[in-house]
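Chain letters run A, B, ... following the sequence lines, proteins first and then strands; every chain starts at 1. The structure displayed is predicted, hence computed values, not measured ones.
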Amino acid sequence: MQAGTQRQYWLMKSEPNEFSILDLARKKREPWDGVRNYQARNMMRDQMRIGDLIFFYHSNCKVPGIVGVMEVVSESYPDPTAFDPNDGHYDPKSDPDKPRWYLVDVAYVETFTETIALQTLKACPELENMPLLRRGNRLSVMPVSEQEWQFIQSLR
DNA sequence: GCCAACGTTGGC
DNA sequence: GCCAACGTTGGC
């Protein structure tokens, strides 16, 4: 982490059918590719710093919720899957000379013994301002305040 | 599988 | 630049 820079906190979603925290635990480190949303991209490209911590959230599954922690371990760089016609996340409009999509590499930190379920998070007034809990929110990458981070850690 | 909410696309 | 149509997300 850069000297004088406060560590930041994030939450990132993944469908466990596609990529789960078990997959990350096995691989140790992985490019967080396939994000195709400008707001999410901007946060990865412009704001994330090496050493930031991220809640790993399982979406679109039986018990959606936070399942563990990972860490940002690279600066942002162009998402190579956008240039690969054989990749499911291929985007012909992303020019290698002017890439549209960016990502960071993340590393596995830990898995919680129990999922902190979305249902649990929703019941906490301390978290009512989290974008995650706002109606209709679909952002797959979002900031978490230090207070929210600490509070969620206390739910374990 | 349903469907509400939201982002993106493209015609005008 | 508006906005209708369409596609996707993601909880339920």
Margin query: Expressed as a whole number of angstroms, how long is the span from A/Asp91:CG to B/dT8:P?
Written below: 12 Å
Next item on the list: Please name all residues satisfying side-chain contact (heavy atoms from CB on, under 4.5 Å) with A/Gln47, sequence neighbours left out, ordered by chain then number.
Entry: A/Trp10, A/Met43
Item checked: Residues forming a side-chain contact (heavy atoms from CB on, under 4.5 Å) with A/Leu22, sequence neighbours excluded -> A/Ser20
Notebook entry, point to check: Given the rule in the salt bridge (charged side-chain N to carboxylate O under 4.0 Å, His left out) test, do A/Asp79 and A/Arg36 qualify, once you have shown the distances and angles that lead to the verdict?
Noted result: CA-CA 10 Å; A/Asp79 184 343; A/Arg36 298 292 179 267; 2.9 Å; yes
Checklist line | A/Asn60: side-chain hydrogen bond (donor to acceptor under 3.5 Å, both in side chains) partners, not counting sequence neighbours | finding: A/Glu15
Tabulate protein N/O versus nucleotide N/O from nucleotides 10-12 of chain C, keeping only pairs under 3.5 Å, one per line.
{"unit_1": "C/dG10", "atom_1": "OP1", "unit_2": "A/Lys13", "atom_2": "NZ", "d": "2.8"}
{"unit_1": "C/dG10", "atom_1": "OP1", "unit_2": "A/Arg138", "atom_2": "O", "d": "3.0"}
{"unit_1": "C/dG11", "atom_1": "OP1", "unit_2": "A/Tyr57", "atom_2": "OH", "d": "2.7"}
{"unit_1": "C/dG11", "atom_1": "OP2", "unit_2": "A/Asn60", "atom_2": "N", "d": "2.9"}
{"unit_1": "C/dC12", "atom_1": "OP1", "unit_2": "A/Lys122", "atom_2": "NZ", "d": "2.5"}

Note to self: With a 4.0 Å cutoff (strictly under), does any side-chain N or O of A/Lys93 reach OP1 or OP2 of B/dT9?
What the structure shows: yes
Check: Which pairs, with at least one residue in residues 72-121 of chain A and sequence neighbours excluded, count as a ring pair (Phe, Tyr, Trp, His ring centres under 6.0 Å)?
Finding: A/Tyr38-A/Trp101
Next item on the list: Could you pull out all residues at least two apart from A/Lys28 that satisfy side-chain contact (heavy atoms from CB on, under 4.5 Å)?
Entry: none
Note to self: If I take atom CD in residue A/Glu18 and atom C1' in nucleotide C/dT9, what distance separates them, rounded to the nearest angstrom?
What the structure shows: 12 Å
Notebook entry, point to check: In whole Å, what is the span from the OH atom of A/Tyr38 to the P atom of B/dT8?
Noted result: 7 Å
